Each structure stands twice: as structure tokens, then as C-alpha cells.
Amino acid sequence: MLITLKDGQREFPDGMNALDIAGQLSQDLKKAALAARVDGEVTSLVAPIAKDSALEILTFADDDAKRVLRHTASHVLAQAVKKLVPGAKLAIGPAIDNGFYYDFDVAEPFTPEFLKEVEKEMQRIVKKNDRLERFELPRAEAIAFMQEKNEPYKVELINDLPEDAIISFYKQGDFTDLCAGPHVPSTGKVKAFKLTSIAGAYWRGSEKNKMLQRIYGTAFVSQEELDAYLARIEEAKKRDHRRLGRELDLFDVQDEGPGFPFFYPKGMVIRNQLENYWREIHHKAGYDEIKTPIILSRSLWERSGHWDHYRDNMYFTKIDDGDYAVKPMNCPGGILAYRRTMRSYRELPTRCGELGLVHRHELSGALHGLMRVRCFTQDDAHLFMTPDQIRDEIKGVYALINGVYTMFGFPYHVELSTRPENSVGTDEMWEVATRGLQGALDDLGVEYTVNEGDGAFYGPKIDFHLEDSLGRSWQCGTIQLDLNMPELFDLTYTGPDGEKHRPVMIHRVVYGSVERFMAILTEHFGGAFPLWLAPVQVKVLTITDRADAFATSVQKQLDDAGFRAELDLRNEKIGFKVREAQMAKIPYMFVIGDKEVEDGMVNVRTRKGETLGSLPLADVLSMLKEEVDTKSIK
RNA sequence: GCCAAUAUAGCUCAGUCGGUAGAGCAGCAGUUUCGUAAACUGCAGGUCAAGGGUUCGAUUCCCUUUAUUGGCUCCA
């Protein structure tokens, strides 16, 4: 058979497997090989290749090979747990980004000490280097096999496989698991691994099901790589916004208000800068700004559908004898603002923004720093338009969001979320709305994944996800197309024909929530905010008190020029003052000593440790102004 | 909300096999006037998360509650 390799074609005997082919190419490759990609499909190294094919030998550098190795590691984990707790029932154990997990149903929850034992047992299994052998069974036999092993979850999984599915198993030593594969050839390939945590997880992800015990771990081909990975995680934790928020005195959440964050003076500077920027770009994009009340009557929420579909997440209050709710979303307010007057088609589209403070009762276990809180400010806007304006408006919003994320240098991914179970409106409305969003994304040529059933209760949405320092993804921007609320509130505009028509509504946010966005921002920049956002932009440091007068006048000039500058006249050594400014991640330090006083210059140091030397203040000011005005993220 | 872990000074963490606690940093007070990431000395700082139980005695052991962390679920 003719095998096409990445650097040319070669003839090999029919039925030869990828591992042996690798061996003929180089012994090093054979040793490093974990899996193969045959005609684009990831397969086991030991699967015979029957015909002319394109072949890639995959080593750990390849993401698919990482998954194969980690999947095998999850089997090793399951084998070890079964050995130590024979009564444990196996659920599922896939590879995930950066690692793997396996779910078990056990009578007693796992403990951290137990993990140590499991790791030891896994070492033994890896050392034995058992081959992983694949075999298939017909459906009935597969079920009988797992029934006999007393693995009810596996039986359920097999029952749910499509009729024509090939049901395969992998056997290593005395352990066999239902698995589609592929795997590495033998357990010895799992050279370096670590079990990282224990967690509860619902069977099949539904809180209606039993909670199983999940063990998370990760695996690499060498101890060095594992150590490097663990060191990277430790490093990433230093960027955690909860930690930086406290260290840099920006914000925090206190026990007295779980999920209700505090913002301190330095944090407010960042927040206000973000809001100023937001107003600026929205003004340019043709938006007006409004503010609607935080508390509104119960009847409004009943009409909007929130009472039926969102009540569990809402806070309520009583005023005199009336029932009121604290708003969990801004849309009903935005709708009342639209509805206050007769609208003509000539006014459409209307774009009305609101930095709206909303409160939502999130589950206590879901709270996470500023990322998930119980009160937050959405940089919301509601657009009302005629149906034929939908695509252009969606594109306009997309451009706005893309522009902001790109300006900050944030990579993001896009998801399209469709109709959830608990929703309002007719099938037709949902169909039209979903097609509208999809059409706009396709027009723009945007890559996206579809998230079935994850839309808002009133409409489908396009979600923008950003990543935190540990690679966890958080939804920030969203564009939601809504045909339902206009119906529920009987919104109209007068068309050119003089008749009343129903407008279409778009709900959208750019930052998502100002709080979450600040968290992402903090982690992304590791607390070293770009100059335009930095709470303190310049710190003026004196070397001796002979420089006090000049330093004070420098600070005054900075202040007059609109910069946020602080003065450090303390009787401390310059090295100490620099260190403190450095740790506060202040972008620029102006060092002033006898020399500078004499020359009338400032000696500029950046937080990156560069010393720019003595410069005339006027020159430095125009340089900094340029950096602020362009919102440079250097 | 569910599973698990954790909670000691402003922060990071020791410690007590049950006899009411300690370090570094930060803070404060002195001394030091010094050239780009840590001067020196001293002082002060804690209901050991909260409530209950066991005990002669609980910060330590047990229970409950609260909060936090990592997941699950949910979501901006």
C-alpha cells in the first residue's frame, strides 16, 4: 500500500500498523509516538492500515495525541479505583482540555488521602505496561457483559447508543471499559500524571440525577512537562483577579455581602474609565443613554414573563401594599421607555443604552469573585427596528463588540444559543429570530459553535466568550434577538402605510457586565493596566528631601495636564520607593534627585524596568498623552 | 442548591497529641538624606469565622450555621 507521509510517499506492506511504520522511519519517532492520524481520523498506533492512506504519526505535541494519552490515563485511574474500591460503579471518564476525569458512584466520598493511594496504584499499573486491547461486541452481548460486571451506568450508556453503533471495549490487564477509543498502545506511555482534585458531579450533568464522585487529573509524557504545567498553573494563580483586586486595592467581596462586590477608589478609576470609553463609542455608534429604575412593580414582571420564567433568580420587596421586584434585567425598563410615546418608522432603528444595575439570586456555590456575582452592571442597550433592519443592526452590534475586544487584545469565541425548554413565544418567532442571528453571523463569516437550548427565555442569542487566567471561559458580550417582548408589551410603530406594525427588539451588551469585564481585564493584564486605565499613572519619587519642592511642582503639572499622579516624598531609599511603585504596577515612575532639580528634568522609569533617562517634562507629557489617547495596550 | 476541602493579626502562613497563640510583610514611632525591586531599632496588632455540645478546662475533639476555594448545575 502507498502511504503518504508529511514529507513524501512510501510503499509499506498491506496491514502494517502506524507504530511499525514509525519504527521504520526513526526509532525516536516510534518511541515518541502516541497515536496516528489516518486520512484525517485519529486512530490507535496499533490498528492495521489496510489501504493507501495519508498517515501522520502523532506525538505529544499534537493536541489530539494529548487527548488520546489522557483518555488512557483516565482508564488507568478507573482501573486503580476499581482495584482499591471494587464496589465502585463506573460512569464516564473522558479527556478534557489540560487533563482528564473519571466519574464513579461510590458509597463513601473520596478523600484527598485516598487520591494518594490511587496515584500509587496508578504507578503500579503504568509500570506493568499492559497493552490496551480493543474488541467489539454485539449490542446484546455488550449489555450482558456490563450487567455481569455490575456496571449499571455502562449498561445505560450502551442502551442509549444508536442502533447501528459499533460497541467497542478496551482491555488492559484485568480491567475492561466500554470505550470508543482510541488509546495509546500500552499503559506505560502514561509516564507522568497527577490527580488534581475531587468534585461532585451529577450523572449526565443533570441535577435531577444522582451526584457522583469525580476525580480530575492530568497527564504528560514526561515529569518535566508535568512539573512545568503545574508551575504554570501556580503562576496563573498570581493573576487571579480576586488576589490582584485585594493586592492592588481595587475591589473585593466581603463575607457580609456574598456576591455583592465592593469597589474601592483605585478600582473606581478603572470602572469610570471603562464607562467613559463605553459612552464615547456608543455615542459614535448612534446610541442614546437612559437610566431606568432598579425596583419596578410585580405586574410588569408578570407581563414580561420574568415572573414565570425567572422568578427563582429574583429578589422581591413590598412597598405600602404593593408587590415589587428588584430588576434582574433591564429590558422591561427599556421597553417602557420605548413605549412612552408614539413611534414612527422614521425613528427606527432606535438604540438606547443603559448602564443598568441588576440583581440576580445566583446559587451560593456558583459565586466567583467578580466573575459571577449577585448584583452587577450590564452595559445594556435595547434596539428597536423594523424587520428589514435586523441584519444591519446585528452586524453593527457585532462590529462594536469586536472592536472593543480587539482593542484590548482579547481573544474570544462565539456561540449561537438556541431556544431553551423554559421559554415564551411561538415556534415561528423562534425560528425567525434564530435564522436572523445565524444569517448575520454567516454574512460576517464568523466562526461559531451552536449551543442548543441555551438561549434566553425570550429569544436566541449570540454569545461572546472570553477566557480567564486559568483558561476558564466566561460569557461577556451577547446579542439577543427578541420578537416576544414587543408582542407581550404590544409595542408598535407607524409604518409608511399609516398602519401600526410590530418592531423587532435586540438586547445586547458589549462588556457583558462591567464587573466581569473588569475581572477579565485584571487577569489578562495581570494587574498591569494600560496607561489609560491605570488607577495611578505616574508616581513621582524623590531621592532626598532636597527634591521635594521640584517633585511637588512636577506632580502638580501632571495633575493639571489631566494625569493621575502620586507623590512619594517619604524618607525612604529610592530602591524601596521604586520597589513599591513597581509592585503597585504603576506604569511610569519619575525619579527626582539633585541632578534633576538642577537640570529641571525628570528621570523616567517604566514598570517594565526600562530607564528612559532624564527628559524634559513637556516631552514626557506629550508622550504619555499620546499613549493615553491611543489607548495603547503596550 | 449539590459534592468535597478550608476558615489563626490588614496580607501570607506557622502552631497547640485539649492547659486562652507566633513569624515575615504591611501599620505606627524614632534614627538614617540615601540614585532605580526591600536601611536599622522599637511598638502595637488576635473573642484562633459564629453558635452549641463533650470536658475541671476547647482555638484544638464533636454537631450546627456562615463564608470562602475547587468542581457540578446555572449564567452577564
Side-chain angles (χ1 to χ4, degrees), chain A residues 101 103 109-112 115 196-216 237 240 242-243 246-247 249 253-259 310 312-313 328-330 356 358 360-373 375-380 417 420 454 456 461 463-466 470 472 474-478 480 507-517 519-520 541-548 570-583 589-596 603-607 609-613:
Chain A
Y101 68 79
D103 285 346
F110 296 137
T111 62
L115 281 200
T196 48
S197 66
I198 311 166
Y202 299 107
W203 167 237
R204 298 201 143 179
S206 168
E207 59 187 330
K208 293 184 188 78
N209 291 336
K210 181 161 186 184
M211 181 160 273
L212 308 173
Q213 289 283 308
R214 175 172 297 177
I215 297 178
Y216 283 93
K237 283 183 184 161
D240 190 311
R242 293 166 296 191
R243 176 180 174 147
R246 218 181 23 238
E247 284 177 0
D249 207 21
V253 184
Q254 305 203 23
D255 287 1
E256 287 78 359
Y310 210 74
D312 290 349
N313 285 296
M329 297 186 192
N330 300 302
V358 298
R360 298 181 183 177
H361 178 72
E362 297 294 340
L363 294 176
S364 58
L367 302 177
H368 182 96
L370 292 193
M371 293 286 193
R372 186 173 293 104
V373 290
C375 81
F376 56 100
T377 302
Q378 291 185 302
D379 62 315
D380 221 335
S417 295
D454 210 35
K461 55 184 188 167
D463 294 330
F464 295 73
H465 294 253
L466 300 177
L470 287 173
R472 293 176 288 210
W474 297 90
Q475 185 193 315
C476 290
T478 171
Q480 311 181 346
H507 314 239
R508 42 107 285 173
V509 288
V510 178
Y511 294 145
S513 88
V514 177
E515 289 75 6
R516 179 176 289 180
F517 200 79
I520 298 271
L541 314 175
T542 53
I543 292 177
T544 70
D545 53 15
R546 292 186 297 278
D548 284 5
R570 291 176 306 167
N571 178 11
E572 295 288 353
K573 292 175 90 167
I574 189 64
F576 182 77
K577 293 186 183 183
V578 166
R579 177 183 147 83
E580 282 201 345
Q582 194 84 41
M583 289 196 307
M589 287 155 248
F590 290 0
V591 176
I592 316 264
D594 290 341
K595 228 182 314 167
E596 287 70 27
N603 198 303
V604 181
R605 178 192 164 104
T606 71
R607 66 182 160 204
E610 309 154 313
T611 308
L612 306 183

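Quick caveat: nothing in here was measured; it's all calculated off a predicted structure.
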query = Once you round it to whole Å, what is the distance between P of rC2(B) and CD of E362(A)?
reply = 16 Å
key: Pairwise C1' distance, rG22(B) and rC61(B) [rounded to whole Å]   = 23 Å
request  = Report the residues that fulfil side chain to side chain contact (heavy atoms under 4.5 Å, CB included) with E610(A), sequence neighbours left out, ordered by chain and then residue number.
outcome  = T606(A), K608(A), L612(A)
inquiry  = Using a heavy-atom cut-off of 4.0 Å across all strands, would you classify Q475(A) as base, sugar-phosphate, or nothing?
reply    = sugar-phosphate
inquiry  = For a quick check of understanding: with a heavy-atom distance under 4.0 Å over all strands, which category does R243(A) fall into, base, sugar-phosphate or nothing?
reply    = nothing
key: Rounded distance in Å between the C1' positions of rC34(B) and rA50(B)   = 50 Å
ask   = Can you tell me how far P in rC28(B) sits from the matching atom in rU69(B), rounded to whole Å?
value = 30 Å
task = Could you tell me whether Y216(A) contacts a base, only the sugar-phosphate backbone, or nothing, with contacts defined as non-hydrogen atoms closer than 4.0 Å?
result = sugar-phosphate
query = Would you say Q378(A)'s side chain and G356(A)'s backbone share a donor-acceptor pair under 3.5 angstrom?
reply = no
Results of ring pair (Phe, Tyr, Trp, His ring centres under 6.0 Å) for Y101(A) - residues two or more places apart only = Y216(A)
note = Result for 5'-nearest mapping on RNA chain B, choosing between R607(A) and G257(A), is R607(A)
key: Note, Y202(A) side chain near L212(A) side chain (heavy atom, < 4.5 Å)   = no
request  = Classify the nucleic acid contact of D594(A) as base, sugar-phosphate or nothing, counting any heavy atom under 4.0 Å across all strands shown.
outcome  = base
request  = Kindly express the pairing pattern of RNA chain B in dot-bracket notation, using | wherever a base pairs with another strand and counting only Watson-Crick or G-U pairs under 3.5 Å.
outcome  = (((((((..((((.....[..)))).(((((.......))))).....(((((..]....))))))))))))....
Where protein sits on nucleotides 45-51 of chain B, one letter per nucleotide: B base, S sugar-phosphate only, - none, heavy atoms under 4.0 Å = -------
message = Donor-acceptor pair, distance only, cut-off 3.5 Å: does the side chain of Q213(A) make one with the backbone of F110(A)?
response = yes
query = Which parts of nucleotides 3-14 of chain B does protein reach within less than 4.0 Å, heavy atoms only, written one letter per nucleotide 5' to 3' as B for base, S for sugar-phosphate only and - for none?
reply = BS------SS--
query = So what does E596(A) touch, heavy atoms closer than 4.0 Å: a base, only the sugar-phosphate, or nothing?
reply = base
remark   = Among the nucleotides rA76(B), rG35(B), rA37(B), whichever has the atom closest to the side chain of R605(A) is rA37(B)
query = Is D379(A) reaching over with its side chain to a backbone N or O of Y511(A), donor-acceptor style, under 3.5 angstrom?
reply = yes
message = Under 4.0 Å, counting only non-hydrogen atoms across every strand here, what does D255(A) touch: a base, just sugar-phosphate, or nothing?
response = sugar-phosphate
task = Please indicate yes or no: is the ring centre of F376(A) less than 5.5 Å from the centre of the six-membered base ring of rA76(B), with the two planes inclined by under 30 degrees?
result = yes
ask   = Counting only distance, no hydrogens or angles, is the base of rC74(B) paired donor-acceptor with the side chain of R372(A) under 3.5 Å?
value = yes
query = Can you tell me if the side-chain N/O atoms of H507(A) get under 4.0 Å from OP1 or OP2 in rA76(B)?
reply = no
query = Can you tell me how far P in rC62(B) sits from the matching atom in rA44(B), rounded to whole Å?
reply = 36 Å
task = Give N603(A) one of three labels, base, sugar-phosphate or nothing, depending on what nucleic acid heavy atoms sit under 4.0 Å from its own.
result = base
ask   = Is K577(A) touching bases, backbone alone, or none of the nucleic acid, heavy atoms closer than 4.0 Å?
value = nothing
inquiry  = Using only atom types and a distance under 3.5 Å, with no angle test, would you say the side chain of R242(A) pairs donor to acceptor with the backbone of G369(A)?
reply    = no
query = What nucleic acid atoms does R214(A) come within less than 4.0 Å of, heavy atoms only: base, sugar-phosphate, or nothing?
reply = sugar-phosphate
inquiry  = Please report the interatomic distance CD1(I520(A)) to CG(L466(A)), rounded to the nearest 0.5 Å.
reply    = 5.0 Å
request  = Look only at the side chain of T611(A) and the backbone of G613(A), and say whether a donor-acceptor pair between them is shorter than 3.5 Å.
outcome  = no
ask   = What distance, rounded to whole Å, do you find between the two P atoms, one in rA26(B) and one in rA38(B)?
value = 12 Å
query = Quick one: are K461(A) and H507(A) in side-chain contact, heavy atoms under 4.5 Å?
reply = no
key: Nucleotide rC75(B), atom C1' - distance to CG of D463(A) in whole Å   = 10 Å
inquiry  = Categorize K210(A) for me: base, sugar-phosphate, or nothing, with a 4.0 angstrom heavy-atom threshold over every strand shown.
reply    = nothing
query = Looking across every strand, which nucleic acid part, if any, lies under 4.0 Å from R546(A) by heavy atom: base, sugar-phosphate, or nothing?
reply = sugar-phosphate
task = Could you tell me whether D380(A) and R508(A) have a side-chain N and a carboxylate O separated by less than 4.0 Å?
result = no
key: rU59(B) versus rG46(B) - spacing of their C1' atoms, nearest Å   = 11 Å
query = Base, sugar-phosphate alone, or nothing: which one does V373(A) contact when heavy atoms must sit under 4.0 Å apart?
reply = base
task = Determine the contact category for V509(A): base if any of its heavy atoms lies under 4.0 Å from a base atom, sugar-phosphate if only primed atoms, P, OP1 or OP2 are that close, otherwise nothing.
result = nothing
Gap in Å between the two P atoms, one belonging to rA14(B) and one to rA29(B), rounded = 32 Å
task = Please check if the side chain of K577(A) supplies one atom and the backbone of T542(A) the other of a donor-acceptor pair under 3.5 Å.
result = yes
ask   = Hey, does the side chain of R360(A) reach the backbone of P328(A) with a donor-acceptor pair shorter than 3.5 angstrom?
value = yes
message = By nearest heavy atom, map I543(A) and S364(A) onto RNA chain B; which one lands nearer the 5' end?
response = S364(A)
query = How would you list, by chain and number, every residue that makes a salt bridge (charged side-chain N to carboxylate O under 4.0 Å, His left out) with E580(A), sequence neighbours excluded?
reply = R570(A)
Sort me out a list of protein N/O and nucleotides 26-29 of chain B N/O pairs below 3.5 Å, or just none if empty.
none

request  = Evaluate the side-chain proximity of E362(A) to L367(A): yes if any heavy-atom separation is below 4.5 Å, no if none is.
outcome  = yes
Close N/O contacts between protein and nucleotides 60-65 of chain B (under 3.5 Å):
none

No-H, no-angle donor-acceptor pair, Y202(A) side chain to rG71(B) base, under 3.5 Å = no
key: Below 4.0 Å: OP1/OP2 of rG71(B) and any side-chain N or O of R472(A)   = yes
Nearest listed nucleotide, side chain of T544(A), among rU36(B), rA67(B), rU33(B) = rU33(B)
query = Taking the P atom of each, how far is rG52(B) from rC40(B), in whole Å?
reply = 47 Å
key: Partners passing salt bridge (charged side-chain N to carboxylate O under 4.0 Å, His left out) against K210(A) (at least two apart in sequence or in another chain)   = D105(A)
ask   = Going from CG on D594(A) to CD1 on I543(A), what distance comes out if it is rounded to the nearest 0.5 angstrom?
value = 7.5 Å
ask   = Do any side-chain nitrogens or oxygens of R242(A) fall under 4.0 Å of OP1 or OP2 in rU69(B)?
value = yes
message = Just to verify, what does N209(A) make a side chain to side chain contact (heavy atoms under 4.5 Å, CB included) with, not counting sequence neighbours?
response = W203(A), R204(A), S206(A)
task = Please list, chain by chain and in numerical order, all residues satisfying salt bridge (charged side-chain N to carboxylate O under 4.0 Å, His left out) with E247(A), sequence neighbours excluded.
result = R243(A)
note = For S513(A), the side chain to side chain contact (heavy atoms under 4.5 Å, CB included) test, sequence neighbours excluded, returns F376(A), E515(A), R516(A)
message = Need one value for G205(A): base, sugar-phosphate or nothing, where a base atom within 4.0 Å counts as base even if backbone is also close, heavy atoms only.
response = sugar-phosphate
